[in-house]
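Scroll down for the structure; my scribbles are underneath it.
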Amino acid sequence: MKIAIVSGKDEGPTKLNAFDNALTEAGIGDVNLIKVSSMLAGNVEIETLPKLKAGAMVNCVLSTVTSDNPGDEITAVVAVAIGKELGCVVETTGINENPDDLIKEAHEMVEYMMEKRGVEIKELIVEPCTATVENIASVVSSVVYLNNNIIEE
(Lines give C-alpha, C1' and ligand atoms only; values in the text may rest on other atoms or scores of the structure.)
Protein backbone atom coordinates (compact mmCIF):
# COMPACT_ATOMS: atom_id res chain seq x y z
CA MET A 1 0.00 0.00 0.00
CA LYS A 2 1.19 3.49 -0.88
CA ILE A 3 -0.02 6.83 0.42
CA ALA A 4 0.77 10.51 0.05
CA ILE A 5 0.30 13.07 2.81
CA VAL A 6 -0.70 16.51 1.55
CA SER A 7 -2.03 19.83 2.78
CA GLY A 8 -3.16 23.15 1.35
CA LYS A 9 -4.75 26.45 2.26
CA ASP A 10 -6.33 29.25 0.29
CA GLU A 11 -8.97 31.96 0.15
CA GLY A 12 -11.94 32.23 -2.20
CA PRO A 13 -15.05 34.31 -2.89
CA THR A 14 -17.29 31.64 -1.28
CA LYS A 15 -16.74 28.83 1.22
CA LEU A 16 -16.96 26.27 -1.59
CA ASN A 17 -14.43 28.14 -3.71
CA ALA A 18 -12.05 28.51 -0.75
CA PHE A 19 -12.30 24.76 -0.11
CA ASP A 20 -11.75 23.95 -3.80
CA ASN A 21 -8.74 26.30 -3.90
CA ALA A 22 -7.22 24.65 -0.81
CA LEU A 23 -7.70 21.21 -2.39
CA THR A 24 -6.03 22.46 -5.55
CA GLU A 25 -3.08 23.84 -3.57
CA ALA A 26 -2.75 20.41 -1.92
CA GLY A 27 -2.67 18.74 -5.35
CA ILE A 28 -6.04 16.99 -5.04
CA GLY A 29 -8.38 19.57 -6.54
CA ASP A 30 -9.00 17.86 -9.89
CA VAL A 31 -10.15 14.48 -8.55
CA ASN A 32 -13.22 13.10 -6.79
CA LEU A 33 -12.39 12.44 -3.15
CA ILE A 34 -13.93 9.48 -1.36
CA LYS A 35 -13.60 9.79 2.40
CA VAL A 36 -12.57 6.53 4.03
CA SER A 37 -11.94 5.50 7.61
CA SER A 38 -8.55 5.43 9.16
CA MET A 39 -6.81 2.10 8.55
CA LEU A 40 -3.65 1.36 6.57
CA ALA A 41 -1.94 -1.86 5.58
CA GLY A 42 1.24 -2.77 7.45
CA ASN A 43 4.52 -1.22 6.36
CA VAL A 44 2.74 1.29 4.14
CA GLU A 45 5.01 3.36 1.89
CA ILE A 46 4.78 7.15 1.93
CA GLU A 47 5.41 8.82 -1.41
CA THR A 48 5.31 12.29 -2.87
CA LEU A 49 1.92 12.90 -4.45
CA PRO A 50 2.15 11.99 -8.15
CA LYS A 51 0.06 13.68 -10.85
CA LEU A 52 -3.42 12.22 -10.53
CA LYS A 53 -5.79 11.57 -13.42
CA ALA A 54 -8.39 14.31 -13.71
CA GLY A 55 -11.75 13.07 -12.44
CA ALA A 56 -10.26 9.95 -10.80
CA MET A 57 -12.07 8.44 -7.81
CA VAL A 58 -9.52 8.83 -5.00
CA ASN A 59 -9.78 7.36 -1.50
CA CYS A 60 -8.54 9.63 1.27
CA VAL A 61 -8.75 10.58 4.90
CA LEU A 62 -9.59 14.29 4.82
CA SER A 63 -9.35 16.91 7.54
CA THR A 64 -10.79 20.29 6.54
CA VAL A 65 -12.14 23.47 8.06
CA THR A 66 -13.44 26.65 6.42
CA SER A 67 -14.29 30.02 7.94
CA ASP A 68 -15.70 33.32 6.70
CA ASN A 69 -14.84 35.19 9.90
CA PRO A 70 -11.84 37.47 9.21
CA GLY A 71 -9.11 37.01 11.79
CA ASP A 72 -10.00 33.39 12.62
CA GLU A 73 -7.04 31.04 12.77
CA ILE A 74 -8.11 27.73 11.22
CA THR A 75 -6.18 24.46 11.44
CA ALA A 76 -6.61 21.00 9.90
CA VAL A 77 -4.40 18.11 11.00
CA VAL A 78 -3.86 14.49 10.00
CA ALA A 79 -1.59 12.11 11.89
CA VAL A 80 -0.33 8.80 10.50
CA ALA A 81 1.14 5.98 12.57
CA ILE A 82 2.74 3.09 10.71
CA GLY A 83 3.50 -0.30 12.19
CA LYS A 84 4.63 -3.63 10.79
CA GLU A 85 1.13 -5.14 10.98
CA LEU A 86 -1.01 -2.10 10.16
CA GLY A 87 -1.27 1.65 10.37
CA CYS A 88 -3.80 4.20 11.59
CA VAL A 89 -4.77 7.72 10.55
CA VAL A 90 -6.59 10.37 12.59
CA GLU A 91 -7.81 13.84 11.75
CA THR A 92 -8.77 16.88 13.80
CA THR A 93 -9.59 20.52 13.18
CA GLY A 94 -9.91 23.73 15.13
CA ILE A 95 -10.91 27.35 14.83
CA ASN A 96 -8.96 29.75 17.05
CA GLU A 97 -7.33 26.82 18.84
CA ASN A 98 -3.60 26.58 19.40
CA PRO A 99 -2.21 24.59 16.44
CA ASP A 100 0.33 22.93 18.76
CA ASP A 101 -2.55 21.64 20.91
CA LEU A 102 -4.28 20.18 17.83
CA ILE A 103 -1.03 18.53 16.72
CA LYS A 104 -0.62 17.06 20.20
CA GLU A 105 -4.25 15.85 20.17
CA ALA A 106 -3.78 14.12 16.80
CA HIS A 107 -0.52 12.56 17.98
CA GLU A 108 -2.16 11.20 21.14
CA MET A 109 -5.22 9.87 19.27
CA VAL A 110 -3.20 7.93 16.71
CA GLU A 111 -0.87 6.57 19.40
CA TYR A 112 -3.91 5.36 21.34
CA MET A 113 -5.38 3.62 18.27
CA MET A 114 -2.13 1.74 17.69
CA GLU A 115 -1.72 0.89 21.38
CA LYS A 116 -5.31 -0.40 21.56
CA ARG A 117 -4.49 -2.75 18.67
CA GLY A 118 -1.19 -3.85 20.22
CA VAL A 119 0.83 -2.55 17.27
CA GLU A 120 4.25 -0.97 17.76
CA ILE A 121 4.67 2.34 15.94
CA LYS A 122 7.60 2.32 13.50
CA GLU A 123 6.93 5.78 12.07
CA LEU A 124 4.63 8.65 13.05
CA ILE A 125 3.94 11.65 10.83
CA VAL A 126 1.77 14.66 11.66
CA GLU A 127 0.70 17.05 8.87
CA PRO A 128 -0.88 20.30 10.08
CA CYS A 129 -2.12 23.17 7.94
CA THR A 130 -2.99 26.56 9.46
CA ALA A 131 -4.19 29.83 7.97
CA THR A 132 -5.46 33.16 9.25
CA VAL A 133 -8.70 34.09 7.52
CA GLU A 134 -8.61 37.32 5.53
CA ASN A 135 -12.09 37.01 3.96
CA ILE A 136 -13.13 33.37 3.38
CA ALA A 137 -10.47 30.70 3.85
CA SER A 138 -10.16 26.94 3.95
CA VAL A 139 -7.42 24.54 5.03
CA VAL A 140 -7.09 20.85 4.23
CA SER A 141 -4.76 18.09 5.34
CA SER A 142 -5.17 14.66 3.80
CA VAL A 143 -3.84 11.14 3.47
CA VAL A 144 -4.32 10.06 -0.13
CA TYR A 145 -4.45 6.32 -0.89
CA LEU A 146 -2.48 5.71 -4.09
CA ASN A 147 -2.96 3.04 -6.75
CA ASN A 148 -2.00 2.75 -10.40
CA ASN A 149 -5.57 3.39 -11.61
CA ILE A 150 -5.54 7.00 -10.37
CA ILE A 151 -2.00 8.01 -11.38
CA GLU A 152 -1.50 9.82 -14.66
CA GLU A 153 1.13 8.15 -16.84
Side-chain angles (χ1 to χ4, degrees), residues 1-12 14-50 52 56-69 72-133 136-147 150-151:
M1 173 181 267
K2 296 178 182 181
I3 61 169
I5 303 170
V6 299
S7 60
K9 58 187 172 186
D10 208 345
E11 293 266 338
T14 69
K15 287 182 176 183
L16 177 66
N17 293 129
F19 174 63
D20 181 60
N21 291 342
L23 290 174
T24 299
E25 185 186 81
I28 53 176
D30 295 337
V31 298
N32 295 293
L33 300 173
I34 302 166
K35 290 175 95 173
V36 297
S37 62
S38 52
M39 301 312 298
L40 301 170
N43 288 327
V44 67
E45 296 176 32
I46 300 171
E47 297 189 351
T48 301
L49 183 70
L52 302 176
M57 305 300 279
V58 178
N59 292 326
C60 71
V61 174
L62 183 66
S63 178
T64 182
V65 63
T66 302
S67 173
D68 60 359
N69 186 28
D72 276 354
E73 184 176 68
I74 55 176
T75 302
V77 182
V78 291
V80 179
I82 300 169
K84 184 178 177 183
E85 299 87 3
L86 60 84
C88 294
V89 182
V90 300
E91 70 277 349
T92 192
T93 62
I95 299 176
N96 296 323
E97 293 186 45
N98 184 327
D100 291 335
D101 291 343
L102 294 169
I103 291 166
K104 181 181 177 193
E105 176 186 31
H107 195 276
E108 289 172 350
M109 287 190 298
V110 80
E111 281 184 332
Y112 174 82
M113 287 175 70
M114 294 290 278
E115 181 182 312
K116 187 76 173 166
R117 289 168 171 79
V119 178
E120 180 184 348
I121 297 172
K122 301 289 185 190
E123 186 174 6
L124 197 150
I125 303 103
V126 179
E127 178 77 15
C129 189
T130 299
T132 301
V133 178
I136 302 171
S138 187
V139 293
V140 298
S141 190
S142 181
V143 174
V144 179
Y145 293 67
L146 301 173
N147 65 64
I150 66 170
I151 299 171

Non-hydrogen atoms of Asn21 and Gly12 that approach each other most closely: ND2-CA, 3.9 Å
Tell me the closest heavy-atom pair linking Thr66 and Ser138, and the distance in Å. OG1-OG, 2.8 Å
Does Glu25 reach the main-chain N or O of Lys9 with its side chain, forming a donor-acceptor pair under 3.5 Å? yes
Validation row: Leu49, Leu146 side chains within 4.5 angstrom (heavy atoms): yes
Nearest heavy atoms of Cys129 and Val140, plus distance in Å: CB-O, 3.7 Å
Show me the side-chain donor-acceptor pairs of residues 106-114 shorter than 3.5 Å, one per line, residues at least two apart or across chains.
none

Go through Ile95 and Asn69 one step at a time and tell me if the side chain to side chain contact (heavy atoms under 4.5 Å, CB included) criterion holds. CA-CA 10 Å; Ile95 299 176; Asn69 186 28; over 6 Å; no
Going through the distances and angles, do Ile28 and Ser142 end up as a side chain to side chain contact (heavy atoms under 4.5 Å, CB included)? CA-CA 9 Å; Ile28 53 176; Ser142 181; 4.0 Å; yes
Do the side-chain N and O atoms of Ser141 and Glu127 include a donor-acceptor pair separated by under 3.5 angstrom? no
Can you tell me if Ser63 uses its side chain to pair, donor with acceptor, with the backbone of Thr92 under 3.5 Å? yes
Closest non-hydrogen contact found for Tyr145 with Ile150 is O-CD1, 3.5 Å
Hits for salt bridge (charged side-chain N to carboxylate O under 4.0 Å, His left out) against Glu47, two or more places apart or cross-chain, chain-then-number order -> Lys2
Which pair of heavy atoms, one from Val78 and one from Val61, lies closest together, and at what distance? CG1-O, 4.5 Å
Looking at every heavy atom in both Val139 and Thr64, which two are closest together, and how far apart are they? O-OG1, 3.1 Å
Would Ile34 and Asn32 satisfy side chain to side chain contact (heavy atoms under 4.5 Å, CB included), going step by step from the backbone distance to the final call? CA-CA 7 Å; Ile34 302 166; Asn32 295 293; 5.6 Å; no
